[in-house]
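This is a predicted model, so every value here is computed, not measured.
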Amino acid sequence: MQRLSGAGTWALPYNRNAFVTTLSVASGNLLEGLNEQQRLAVTLPQQSALILAGAGSGKTRVLTTRIAWLIQTGQIGPQSLLAVTFTNKAAREMLTRISAMLPIDTRGMWIGTFHGLCNRMLRAHHRDAGLPQTFQILDSQDQLSLIKRLLRTMGVDDEKLPPRDLQYFINGNKEHGRRAAQVDAFDEHSRRLTELYAEYDRQCDREGVVDFAELLLRSFELLSRNEVLRAHYQRRFVHILVDEFQDTNRLQYRWLRLLAGSDNAIFAVGDDDQSIYAFRGASAQNMFEFERDFARGAVIKLEQNYRSHANILDAANALIRHNHRRLGKDLWTSEGKGEPLRLYEAATDLEEAAYILDEVRHLRAEGVRLSEIALLYRSNAQSRVLEHALFNAGLPYRVYGGLRFFERQEIKHALAYLRLVANPADDGALLRVINLPARGVGARTLEQLQEAARMRGVSLWQSACSTPLAGKAGAGVAGFVQLIEQLQRECRDLSLPAIVERTIERSGLIAYYETERDGADRIENLNELVTAATGFEAEGGGFDASQDAVPGEAPPGAPDTPLHALESFLAHAALEAGEHQAQAGADALQLMTVHAAKGLEFHTVLVSGLEEGLFPHENSRGQDDGLEEERRLMYVALTRARRRLYLTFAQSRMLHGQTRYNVASRFLPEIPEGLVQRVNDARAARGSWSPSSWPGSDRAGDSMRGSRREPAASARAGAGGFADPAFPFRVGQNVMHAKFGPGVIVSAEGRGADARVQVNFRSSGLKWLALEYAKLTPA
DNA sequence: ATTAGTGGTGTTTTT
DNA sequence: CACCACTAAT
């Protein structure tokens with residue numbers, strides 16, 4: 001092999017033999033405390049392997065120890081491996097742990113999210129990838145607004161074609177590695193979508209922007225097209241490690257396969273039972289295929305759970321056994337049984353919140369730190385009620401997810417100015433702020449601008465620069481152009497934080513928000529953006545690209561210019577929407593969606609809103625595998641808890657501005673009754689709606705204090721009865737309708753005259769029917 | 001050109 | 001409820 005010039009980008013920096021002596025000593029430390037399977041995984045030779053790692057089985061530890069072991073035993077240098085995760089949090093965690101194990105600088109290492117690494121690769125080879133150096137990244141919001149804009153200019157009625165549908169279509173295809181030209185369009189509609197997909201890509205190219213999926217697709221295409229680069233990266237990344245492998249989509253899998261070539265080893269760690277991103281193209285199928293293509297029998301199962309007490313684990317195991325498509329794996333623990341799970345049935349969502357509040361207070365009094373307690377829910381909208389209760393009680397809490405720092409409108413506005421400084425062709429950014437604050441550029445002017453741009457096939461910016469309707473200096477379009485140009489000039493010799501500060505100041509956003517009612521918070525956030533830039537710079541400004549040089553290629557970008565720093569910062573903002581929340585360090589109750597909780601663990605976990613329609617979510621019903629994915633989600637929720645696990649649900653809940661009546665989640669009866677203690681107090685008896693339809697609610701042995709009256713006739717497992725004469729139907733019941741024929745009741749709401757049921761008719765699908773009018777008869 | 005108000009609509013999860 | 005897109009009034 002020919003030795004590469006330069007920084008020794010890929011060549012093994014150490015003599016393998018020199019490390020033989022240190023190997024045993026050093027690895028002894030690393031491997032200490034690992035169980036047999038873990039040790040086996042960590043010390044595998046250079047070969048591909050699939051590590052089936054159950055929840056709490058030490059997955060991250062194995063992954064990071066493997067990396068440390070490979071480096072410490074001298075098998076490879078830090079630059080010869082690539083490790084990829086899905087979340088920034090996981091990537092950071094990995095880096096932190098590696099730094100703790102090894103005295104090496106992790107900044108040059110290729111460890112990050114798929115999107116982050118692809119971004120890095122595209123920055124380094126933007127020319128080969130056909131991108132401007134300053135290409136910007138669209139988040140889903142940006143993407144959607146570009147699509148809306150596109151549909152508008154194409155004269156497409158967005159009644160007939162909802163922008164979201166097109167977005168979904170585009171992303172879905174990109175995630176399968178398909179360009180518009182490769183889409184099989186068999187009907188009029190999909191041909192139309194495909195045309196628009198092609199037009200969308202052209203528009204992105206014109207603007208120099210890429211969406212999330214494009215980062216991957218572009219990177220994939222770059223590697224498949226460019227043999228030199230492919231060979232370079234294949235030579236470099238001898239070891240490829242993948243975290244959360246069950247969450248990879250088809251394209252990501254192909255990307256990995258391309259990088260691995262025929263000689264490199266892929267060490268894939270995953271858990272098919274925790275695959276909860278199928279909705280965005282993830283395919284646990286990759287695990288089967290990987291075993292066939294690469295691992296070929298090299299499968300190691302990590303089944304010992306170090307996290308939870310046995311009751312919790314048994315509950316999770318029992319639940320997940322209801323899924324069919326599984327690789328098969330059962331977690332066990334050497335811990336004791338611990339406490340039973342606690343199930344609370346509330347009459348309303350408010351009452352549910354009150355109960356949760358009570359319990360959290362008790363736990364706190366018992367000495368459990370608030371940061372060790374997680375309050376989980378299926379969808380973000382559910383956090384409102386809970387937050388409200390917590391806020392009124394003065395209990396410190398922290399909400400993860402929801403609107404994130406870089407997604408706030410004032411931040412998006414500021415970023416739009418910055419994006420224009422870096423890349424004025426970014427039409428989306430221009431449209432966002434050309435008249436914010438107001439500069440007298442209205443709809444009419446914009447129309448002319450867009451028309452001119454479209455005629456000449458140029459960006460809005462170019463059109464704006466050469467437009468005769470420029471008007472008087474300092475105002476209107478001309479004023480805007482001058483502003484951006486001036487900023488571009490000034491930014492050439494300012495530091496990143498100074499650029500951000502100057503841009504915010506010159507943009508007039510602060511002044512604008514001073515006149516707004518609730519502007520104070522927004523101004524604070526704008527200042528926070530400067531702080532974020534300072535912090536970003538202090539941490540080295542993203543990845544260290546100095547090791548990304550490729551022999552025979554121009555060095556990537558112009559690394560140390562302010563513009564480069566700005567680019568990195570903008571990419572960071574798009575890719576890492578921001579763990580930028582106040583009171584990050586404080587001891588606070590942790591609120592998040594179940595999705596956001598993946599990978600975390602807590603002393604106590606409260607899973608709320610366990611109701612049909614919410615969890616499992618009603619939208620999951622249509623999708624194939626939808627219900628199984630919901631169950632995996634529930635599995636993830638349960639396995640977050642170490643010691644105590646609460647399950648709560650409410651009979652009625654305010655949602656979308658109206659009260660909905662729900663029945664208990666079907667997942668509850670899937671948990672063995674012996675593991676669960678019902679903790680309903682008198683509160684639940686008050687104002688109860690009608691029978692609980694948790695099939696287990698009438699089972700003997702349940703400690704149902706204050707249990708509600710239920711007629712004996714209904715006491716049959718699997719069928720909650722009906723006591724309320726105002727509501728003579730129950731969910732799950734077969735019914736007959738005069739017009740629609742036979743069907744099954746899938747949900748119900750309201751009572752008395754307002755009572756409605758949702759029926760899944762065999763012939764005509766889902767329908768809501770008002771009981772007062774619809775002639776429904778039990779069948 | 002800008003804003004305030006209205007009506008209609010859609011809603012999961014995230015890099 | 002919350003976010004739009006559109007309309008009417010300034």
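When the ring pair (Phe, Tyr, Trp, His ring centres under 6.0 Å) test is applied to A:H617, no partner is found at least two apart in sequence or on another chain. Every residue two or more places apart in sequence or in another chain was checked for a salt bridge (Lys or Arg N to Asp or Glu O under 4.0 Å) with A:D349, and none qualifies. Partners of A:F290 according to the ring pair (Phe, Tyr, Trp, His ring centres under 6.0 Å) rule, which considers only residues two or more places apart in sequence or in another chain, are A:F245, A:F294. Under the side chain to side chain donor-acceptor pair (under 3.5 Å) criterion, A:N286 pairs with A:T248, A:R250, sequence neighbours left out. With sequence neighbours left out, A:R164 forms a salt bridge (Lys or Arg N to Asp or Glu O under 4.0 Å) with no residue at all. Partners of A:F237 by ring pair (Phe, Tyr, Trp, His ring centres under 6.0 Å), not counting sequence neighbours, listed by chain and number: A:W110, A:Y233. Judged as a salt bridge (Lys or Arg N to Asp or Glu O under 4.0 Å), and not counting sequence neighbours, the contacts of A:R218 are A:D205, A:E214. Applying the side chain to side chain donor-acceptor pair (under 3.5 Å) criterion to A:D139, with sequence neighbours excluded, gives A:K412.
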Worksheet entry | Footprint string (nucleotides 10-15 of chain B, 5' to 3'): B base within contact, S backbone only, - free, heavy atoms under 4.0 Å | -BBBBB

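Taking the 5' to 3' direction, DNA chain C first and last meets chain A under 4.0 angstrom from a heavy atom at C:dC1 to C:dC6.
At a threshold of 4.0 angstrom between heavy atoms, the contacts of A:R632 with the nucleic acid are absent. Using a 4.0 Å heavy-atom cutoff across all strands shown, A:K598 reaches no nucleic acid atom at all. Residue contacts for A:V441: at a heavy-atom cut-off of 4.0 Å it reaches the sugar-phosphate backbone alone, with no base atom in range.
Each salt bridge (Lys or Arg N to Asp or Glu O under 4.0 Å) pair with one or both residues in residues 146-157 of chain A, not counting sequence neighbours, appears once here: A:R149-A:E207.
The pair A:D271-A:K59 does not count as a salt bridge, with every side-chain nitrogen at least 4.0 angstrom from each carboxylate oxygen.
Comparing C:dC4 with B:dT13, their C1' atoms are spaced 22 Å from each other, to the whole Å.
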Provide a list of protein-nucleic acid N or O atom pairs under 3.5 angstrom, restricted to nucleotides 3-8 of chain B.
none

